[in-house]
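First the structure, in the form of structure tokens, and then the observations on it.
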Amino acid sequence: MATPTADRPSLGEHVDDAPGRGRPVVAAVVTVGAAVGVGELVAALVSPAGSPFLAVGQAAIRLTPEWLKETAIAWFGTYDKVALLTGMVVVIAAITVLAGLASRRDERPGLVLVVAFGLLGVAAVVTAPTFAPLDLVPSGAAVLAGVLVWRWLRGLAVGDPAPAGDDPAPAPAGAVSRQRFLTTAGLTAVGAIAAGVVGRVVNAGAAGPTSVTLPPAPAGPAPVPVNADFVADGTPSWLTAPADFYRIDTALSVPRISVADWSLRVHGMVDREVTLTFDQLRAMRLVEAPVTLTCVSNEVGGTLISNGQWLGVPIRDVLALAGVRPGAQQIASTSSDGWNANTPLGPLTDGRNAMLAIGLDGAPLPVEHGFPVRMVVPGLYGYVSATKWITDIEVTTFDGFTSYWEQRGWGKFGPVKTSSRIDVPRDGATVPAGPTVAAGVAWAQHTGIAGVEVSVDDGPWQPAQLAAEPTVDSWRMWRLPLTLARGQHQLRVRATDRSGAVQTGVEALSIPDGATGWHTVAVTAV
Ligand SMILES: Nc1nc2c(c(=O)[nH]1)N[C@H]1C(S)=C(S)[C@@H](COP(=O)(O)O)O[C@H]1N2
Ligand SMILES: [Mo]
């Protein structure tokens, strides 16, 4: 970014106030800011999916190769979206500064920049899976605003362009004093930021959980499970507070769906196509049940796992309305922003609590977690089962559909792998020598955890004490009192599930179907 100190007269100019290199740079930066701000504002008013800035980020997410995405998640975790947007701002600002530097004698570099950014936005918008013609309006408005602001501000910055022979355009105003230029540019920048902020706020206010009431849970409010955690020893609480629930999705801007506009279409290999409104779905038989969600990208010892109390309609009831035809093998579920997943019919129809959820922990779904309706299936990783903002279900065969993540190298089937984690002591912690307590969680959704064992310094596996197990669909907490002698130690955990399978110690990366290995922490007892 140019500062006023860079705004010094260049050779050959002898007026103190004469424009230098700094002003066109300031004009370019403010111009691009105004274009982005206007794009955001118009998007909020006519077409949220048309925001050119966010569409470019969204296209970057779609096109990011798998290794880069994994690196980004490894570096930034759930701040990956913030990192992407920050990176975009830095790159756009750098290119803009260059264009500004090239625009002292010629307005065209700035014009080319605005139009090029606009075309990039158009390309990103048009290639989005949910493209509709209206989505082009914000990019158009952004380019128009950019061109107008550029001609005006650059005119104020450097004065008339050298008259070009046959150019009939009226000459812009002459250069103004440095102070007046900076004031005008500053006010324009404030206006651009205000447009962007208003756009975001309008978009966020469009729809949300406060707009719906949930029917009461069929069995009344779920009882708070007793003895299901060892919070006093440092495990997470059995139910995760919705605000702490991990969030993973490809949506740069959270889809805001109004309940009145929402519907779910069920089609494909069915006897009759069905379309349900939110009211129709809400009026069906409801179940409320706890289910622990896990992300396939969760690394050994990772935190991409949370437990919620979900209220929803069994998916098999909705499938029965449509009548699944013989030969069907899976469903393809699609969200309002075009993301999709494939889920085998088996887990959806075998009686487990696979649902179209409308509530989490006694309240409507938070927007980030899929408002107004999402899928939840116990025992499957989120990428093959937990479609948020769901609007479409197609019944199909395994060969008939390849999902978003499957196309990017992840497994077609994503059963959750039996796993466990040490929460206390933390890796690298220092603990007082003598008696101490290790504690953590283990999970094998829909199979259940039968045992957890801890090995200290590669010694024998010692059975941990287990918390109550309100359901096999959720994680299970464990604790183990230990005595540690002064010095360095290594703790390692493994779980055994109710099928008798012991968690493998073989280390594997999360791609293609979930990380394996024993979570190991190093501690120092003093
Ligand atoms: N629409 C949509 N649904 C989605 C995703 C997504 O990117 N888009 N990500 C899935 C993945 S990979 C996971 S792990 C879960 C996470 O759900 P949560 O954010 O509510 O924890 O949502 C799933 N549902
Ligand atoms: Mo995930």
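If you're wondering where the values come from, they're calculated on a predicted model, not measured in any experiment.
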**Asked** Under 6.0 Å from the six-membered ring centre of W389 and within 45° of its axis: does the NZ or CZ of R374 meet both?
**Response** no
**Distance under 6.0 Å and angle within 45° of ring axis: K69 vs W75** =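 Checked: cation-pi criterion not met.
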Please answer whether the main-chain N or O of [Y] pairs with a side-chain N or O of [X] as donor and acceptor at a distance below 3.5 Å.
{"X": "T235", "Y": "F230", "answer": "yes"}
{"X": "Q462", "Y": "L482", "answer": "no"}
{"X": "E40", "Y": "G199", "answer": "no"}
{"X": "D249", "Y": "A251", "answer": "yes"}
{"X": "H519", "Y": "I422", "answer": "yes"}
{"X": "W475", "Y": "W238", "answer": "yes"}
{"X": "N342", "Y": "K412", "answer": "yes"}
{"X": "T277", "Y": "Q280", "answer": "yes"}
{"X": "R325", "Y": "V270", "answer": "yes"}

[atom1]-[atom2] distance between [X] and [Y], expressed to the nearest 0.5 angstrom:
{"X": "D261", "Y": "F278", "atom1": "CG", "atom2": "CZ", "result": "13.0 Å"}
{"X": "W262", "Y": "T391", "atom1": "CH2", "atom2": "OG1", "result": "8.5 Å"}
{"X": "R494", "Y": "Q503", "atom1": "CZ", "atom2": "CD", "result": "9.0 Å"}
{"X": "F245", "Y": "D361", "atom1": "CZ", "atom2": "CG", "result": "8.0 Å"}

Salt bridge flag under 4.0 Å for residues [X] and [Y]:
{"X": "D229", "Y": "R479", "answer": "no"}
{"X": "E66", "Y": "R408", "answer": "no"}
{"X": "K417", "Y": "D513", "answer": "yes"}
{"X": "E469", "Y": "R498", "answer": "yes"}
{"X": "D317", "Y": "R285", "answer": "yes"}

**Request:** Classify the ring geometry between W339 and Y404 as parallel (under 30°), tilted (30 to 60°) or perpendicular (over 60°).
**Result:** tilted
**Request:** Kindly determine whether Q445 and T294 satisfy side chain to side chain donor-acceptor pair (under 3.5 Å), including the steps that lead there.
**Result:** CA-CA 9 Å; Q445 289 95 313; T294 318; 2.7 Å; yes
Can you tell me if [atom1] on [X] sees more than 12 non-hydrogen neighbours from other groups inside 6.0 Å?
{"X": "E507", "atom1": "CD", "answer": "no"}
{"X": "L509", "atom1": "CG", "answer": "no"}
{"X": "R426", "atom1": "CZ", "answer": "no"}
{"X": "E299", "atom1": "CD", "answer": "no"}
{"X": "Y79", "atom1": "OH", "answer": "no"}

**Item:** Aromatic contact, Y381 with F413 (centres under 6.0 Å)
**Value:** no
**Message:** Do D497 and T418 pair up side chain to side chain, a donor and an acceptor below 3.5 Å, judged on atom types alone?
**Reply:**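 Yes.
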**Item:** Trace of the side chain to side chain donor-acceptor pair (under 3.5 Å) decision for T292 with N307
**Value:** CA-CA 4 Å; T292 294; N307 189 36; 2.8 Å; yes
